[in-house]
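In what follows, a structure is listed as structure tokens, so that the remarks can point back to it.
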Amino acid sequence: MNPQLDLETLPRHIAIIMDGNGRWARERNRNRIFGHREGSNSVRDVVSSCRRLGIPFLTLYAFSKENWQRPDGEVRALWRLLKNFLKSQLPEIMEKEIRLCHLGDPDGIPQDVAEQLQAAVADTARNDKLTLSLAINYGGRQEITRAARLLATDVQEGKCDLHGLSPEDFSQYLFTSDFPDPDLVIRTGGEYRVSNFLLWQLAYAEIYITKVLWPDFREPQFIEALYEYQRRERRFGKTSEQIRRKSSGPSRTRLG
Ligand code: FPP
């Protein structure tokens with residue numbers, strides 16, 4: 001039976017570690033770049049699904065601080081791919097009223113990519129149907145260290161009272177200060193790691209790990225992840241009365 005989604009209990013924010021491009025390519029005797037290129041089609045698919053389902057925040061791990069250690073040719077190809085993606089997808093991103101955000105360190109991103117990224121962020125700043133954040137040149141520990149540095153400056157300048165500092169106050173210094181924490185984190189490719197991704201923000205996220213490699217992760221697999229998320233919500237959050245009412249209510253839809 002196809003999964004049924006309850007549109008009222010979808011996650012508000014989904015974060016994805018898009019792993020498995022290299023393995024996908026190797027299985028086809030192609031180079032890793034071929035896998036990354038096919039992976040960008042999965043990005044388009046998942047973004048469209050979020051937009052269609054009304055999920056307001058999606059964050060994708062596109063290039064980590066650690067990815068610089070990959071072979072030069074692969075690093076260059078990844079930057080080229082990101083730049084081309086931003087350029088070619090901008091009209092559709094605008095048309096779908098998607099706001100693009102960057103999480104990560106702007107320093108070190110190749111200038112042509114940084115310019116494309118800045119332009120896309122500026123052009124889409126007023127869109128409000130979906131916030132698509134790309135974690136690029138991003139590391140969770142680096143983000144927290146940066147936040148601590150910014151906080152220390154505010155304390156020195158008398159703008160912040162250290163003794164009354166709460167976790168909510170601290171989170172204002174993170175790249176994600178405007179966003180709710182992710183409800184669901186998806187990792188494709190089957191590895192059981194967080195890989196320095198959103199270390200602070202994932203504190204209460206549901207974790208979904210699938211063996212499916214990222215280029216094969218399309219709308220049906222995404223819907224399956226949402227369905228699994230909703231099953232967990234059912235187990236841990238709600239009463240059986242609520243479940244019965246929801247399953248016969250008008251918000252149910254058949255997808256995937
Ligand atoms: C990890 O797979 C993937 C990456 C490091 C890059 C993710 C990039 C994309 C999906 C390309 C397009 C992105 C956007 C936002 C347009 P891996 O190479 O580590 O795979 P492996 O574990 O099988 O080697």
Side-chain angles (χ1 to χ4, degrees), residues 14-51 57-94 96 98-106 108-110 112-114 116-121 124 130-140 142 175 185-198 209-219 221-222 225:
I14 300 176
I16 308 185
I17 301 173
M18 309 180 287
D19 198 15
N21 295 344
R23 277 165 282 168
W24 187 90
R26 198 171 56 229
E27 282 173 5
R28 288 157 182 80
N29 292 318
R30 303 293 294 262
N31 66 20
R32 300 176 54 81
I33 319 301
F34 181 70
H36 295 312
R37 214 174 296 131
E38 191 58 28
S40 61
N41 292 328
S42 293
V43 170
R44 294 179 52 190
D45 227 50
V46 168
V47 170
S48 302
S49 302
C50 284
R51 177 66 179 82
F57 296 92
L58 173 66
T59 298
L60 303 176
Y61 205 4
F63 192 96
S64 72
K65 283 279 186 185
E66 291 73 27
N67 286 153
W68 286 105
Q69 300 169 64
R70 293 189 173 208
D72 285 352
E74 182 173 347
V75 169
R76 275 200 303 275
L78 276 169
W79 289 123
R80 208 166 35 242
L81 192 62
L82 281 167
K83 184 181 162 193
N84 290 342
F85 177 88
L86 291 167
K87 201 168 169 188
S88 66
Q89 295 306 302
L90 192 57
E92 199 175 329
I93 287 175
M94 283 304 286
K96 288 184 170 158
I98 295 171
R99 170 169 71 136
L100 199 92
C101 293
H102 171 221
L103 311 184
D105 187 354
I109 297 180
D112 57 336
V113 185
Q116 193 72 50
L117 186 58
Q118 269 170 20
V121 169
T124 62
L130 164 65
T131 296
L132 170 61
S133 298
L134 297 181
I136 297 177
N137 202 22
Y138 174 87
Q142 289 85 347
F175 293 123
V185 57
I186 296 173
R187 182 171 188 139
T188 61
E191 311 278 6
Y192 287 75
R193 284 195 283 274
V194 288
S195 299
N196 204 16
F197 187 44
L198 300 175
I209 294 173
T210 171
K211 285 200 168 110
V212 173
L213 305 174
W214 178 249
D216 288 329
F217 193 85
R218 299 294 163 101
E219 178 159 286
Q221 290 74 24
F222 183 59

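First listed ligand is number 1; within each ligand, the first listed atom is number 1.
- Any N or O atom pair closer than 3.5 Å counts here, and N21 shares at least one such pair with ligand 1.
- Proximity of L213 to ligand 1, defined as any heavy-atom pair under 4.0 Å, is not found for any part of the residue.
- Side chain to side chain, T124 and R99 fail the donor-acceptor criterion of an N or O pair below 3.5 Å.
- Under 4.0 Å is where a charged nitrogen must lie from a carboxylate oxygen, and between R23 and E27 no such pair does.
- In E38, neither the side chain nor the backbone holds a heavy atom less than 4.0 Å from any atom of ligand 1.
- Within the structure, ligand 1 has R70 among the residues with a heavy atom less than 4.0 angstrom away.
- Checking I136, L82, N67, L132 against atom 15 (C) of ligand 1, the nearest heavy atom belongs to L82.
- Contact atoms of ligand 1 toward R23: 21 (P), 22 (O), 23 (O) (distance under 4.0 Å to a heavy atom of the residue).
- In this structure, a donor-acceptor pair under 3.5 Å is absent between the side chains of N84 and Q89.
- Residues D112 and W79 have side chains that never bring a donor and an acceptor to within less than 3.5 angstrom of each other.
- At a heavy-atom cutoff of 4.0 Å, ligand 1 is contacted by no atom of F63, backbone or side chain.
- Close contacts of ligand 1 with F85, meaning ligand atoms under 4.0 Å from a residue heavy atom, involve 16 (C).
- Counting protein heavy atoms only, atom 1 (C) of ligand 1 is closest to M18 O, 3.2 Å.
- Looking at R37 against ligand 1, nothing comes within 4.0 Å, counting heavy atoms.
- Residue contacts with ligand 1: Y61 is placed with no nitrogen or oxygen under 3.5 Å of a nitrogen or oxygen of the ligand (distance criterion only).
- Between the side chains of S42 and D45, no donor-acceptor pair is found at a separation under 3.5 Å.
- Taking every heavy atom of L81 and a limit of under 4.0 angstrom, the matching atoms of ligand 1 come to 11 (C).
- There is no side-chain donor-acceptor pair under 3.5 Å between H102 and Q118.
- Side-chain contact of K211 with T188: a donor-acceptor pair under 3.5 Å is absent, judged by distance alone.
- The distance criterion of under 3.5 Å between nitrogen or oxygen atoms is not met by W214 with respect to ligand 1.
- In the vicinity of S40, heavy-atom distances shorter than 4.0 Å reach the ligand 1 atoms 12 (C), 16 (C).
- Within the 4.0 Å heavy-atom cutoff, G189 does not count among the residues contacting ligand 1.
- The residue L60 has no part lying near ligand 1, judged by heavy-atom distances below 4.0 Å.
- Listed by atom number, the atoms of ligand 1 under 4.0 Å from R32 heavy atoms are 17 (P), 18 (O), 19 (O), 24 (O).
- The aromatic rings of Y61 and F197 sit parallel to each other, their planes meeting at less than 30°, with 60° as the upper class boundary.
- With W24 as the aromatic partner, R28 meets the cation-pi criteria of under 6.0 angstrom to the ring centre and within 45 degrees of the ring axis.
- No hydrogens or angles considered: nothing links the side chains of R218 and S49 as a donor-acceptor pair under 3.5 Å.
- Inclusion of V43 in the set of residues having an N or O under 3.5 Å from an N or O of ligand 1 is not warranted.
- Side-chain contact of N21 with E38: a donor-acceptor pair under 3.5 Å is absent, judged by distance alone.
- Nearest to atom 17 (P) of ligand 1 among the protein's heavy atoms is D19 OD1, 3.5 Å.
- Nearest protein heavy-atom contact of atom 4 (C) of ligand 1 is H36 CE1, 4.0 Å.
- Considering OG1 of T59 and CD1 of I14, their distance stands at 10.0 Å, rounded to 0.5 Å.
- For atom 7 (C) of ligand 1, the nearest non-hydrogen atom of the protein is A62 O, 3.6 Å.
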